[in-house]
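Worksheet for the structure shown next.
The shown structure was predicted, so the numbers you read here are calculated from the model rather than taken from an experiment. In each ligand, atom 1 is the first atom listed, and ligand 1 is the first ligand listed.
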Amino acid sequence: MQIIHTVAELRARLKSEPNIAFVPTMGNLHAGHMHLVKIAGQHASCVVVSIFVNPLQFGPSEDLANYPRTLDADCEKLQAAGTSIVFAPTVTEMYPDFNAATNCLGQTMMISAPPIAGELCGASRPGHFDGVATVVMKLFNIVMPQFAVFGKKDFQQLFIIRELVRQFNLPIQILAGETMREPSGLAMSSRNGYLSIAQKSAAAALNQTLKHIVQQAQQSDANFNTLEQTASQSLNNSGWQVDYISIRSAATLLPASAKDQQLVVLAAAKIGNTRLIDNIEFPASLNSLR
Ligand code: PAF
């Protein structure tokens with residue numbers, strides 16, 4: 001496995017690779033990431049994993065400075081998984097016009113994500129998906145993969161990346177990896193590392209709440225607004241701070257309507273200072289009130 005830090009070196013190395021599958025990450029790899037790497041390996045002979053904590057997708061009050069950076073441990077895991085290349089650029093390599101010391105964009109050009117990026121996670125993280133779309137576009141242009149793999153845990157991110165590929169006519173097939181979970185049902189996330197033991201066991205309630213909503217939503221006469229509000233109240237009453245719980249069309253991410261066949265319930269909520277997200281896709285019942 002090669003570890004490469006510059007765009008020029010990576011381009012030179014990849015020039016002769018006919019078939020590349022790419023997994024973009026911010027590092028601090030867990031079983032969820034390794035599942036994506038495995039999917040990549042099933043699709044191409046050359047697997048490239050990027051490790052880059054992207055400053056453009058963090059808001060001013062978010063955890064950029066403290067985001068876990070564990071390059072050596074990550075590389076060990078990736079080597080064991082048969083990764084061909086790790087791309088770990090510096091901020092200046094990725095954004096020559098960005099001032100890393102002051103977190104100032106300067107003349108950095110960014111992609112403007114579509115309006116749906118302002119809903120759900122985007123409502124409380126303004127500009128987050130502009131930052132994600134920008135870094136992913138840059139990484140795609142640098143790696144030029146045939147396949148790129150993203151996790152379904154970040155459902156809204158996956159949706160926006162698919163739109164990026166569709167709307168900018170990128171010749172890349174996006175593959176989606178299922179969410180990996182702890183035995184309790186808690187979705188694996190780099191942010192789980194911020195949780196105390198007690199918080200980690202309490203955090204399973206997020207997934208349990210979503211499972212309960214799915215059961216209720218599939219019953220006849222289910223009212224989605226009521227389900228969302230009751231679930232939010234119940235989590236808030238047990239010490240969470242719910243950002244949103246929302247039942248949406250899995251195809252468009254717009255609020256669920258009678259014509260949608262496949263739905264997704266998405267949630268973001270804070271336990272202590274840690275913001276967790278999760279979602280479950282499910283088929284629509286004909287009789288629910290949306
Ligand atoms: O999901 C992530 O880890 C990041 O948002 C991504 C896609 C690597 C872009 O920085």
message = Once side chain to side chain contact (heavy atoms under 4.5 Å, CB included) is applied, do any residues pair with Asp130, and if so which ones, sequence neighbours excluded?
response = Met110, Ala113
inquiry  = The criterion is side-chain hydrogen bond (donor to acceptor under 3.5 Å, both in side chains); which residues satisfy it with Asp243, sequence neighbours excluded?
reply    = Ser124, Arg275
query = Should Lys153 and Glu178 count as an ion pair when the cut-off is N to O under 4.0 Å?
reply = no
Pair Asp260 + Arg248, salt bridge at N-O below 4.0 Å = no
For ligand 1, which atoms, with element, lie under 4.0 Å from some heavy atom of [X]?
X: Val135; value: 9 (C), 10 (O)
X: Pro24; value: 8 (C)
X: Gln157; value: 1 (O), 2 (C), 4 (C), 5 (O), 7 (C)

inquiry  = Below the 3.5 angstrom mark, is there an N/O of Gln57, backbone or side chain, next to an N/O of ligand 1?
reply    = yes
key: Thr25 and ligand 1 - part of the residue with a heavy-atom distance under 4.0 Å   = backbone
key: Where Phe147 and His43 come nearest, the two heavy atoms and their spacing   = CE1-O, 3.5 Å
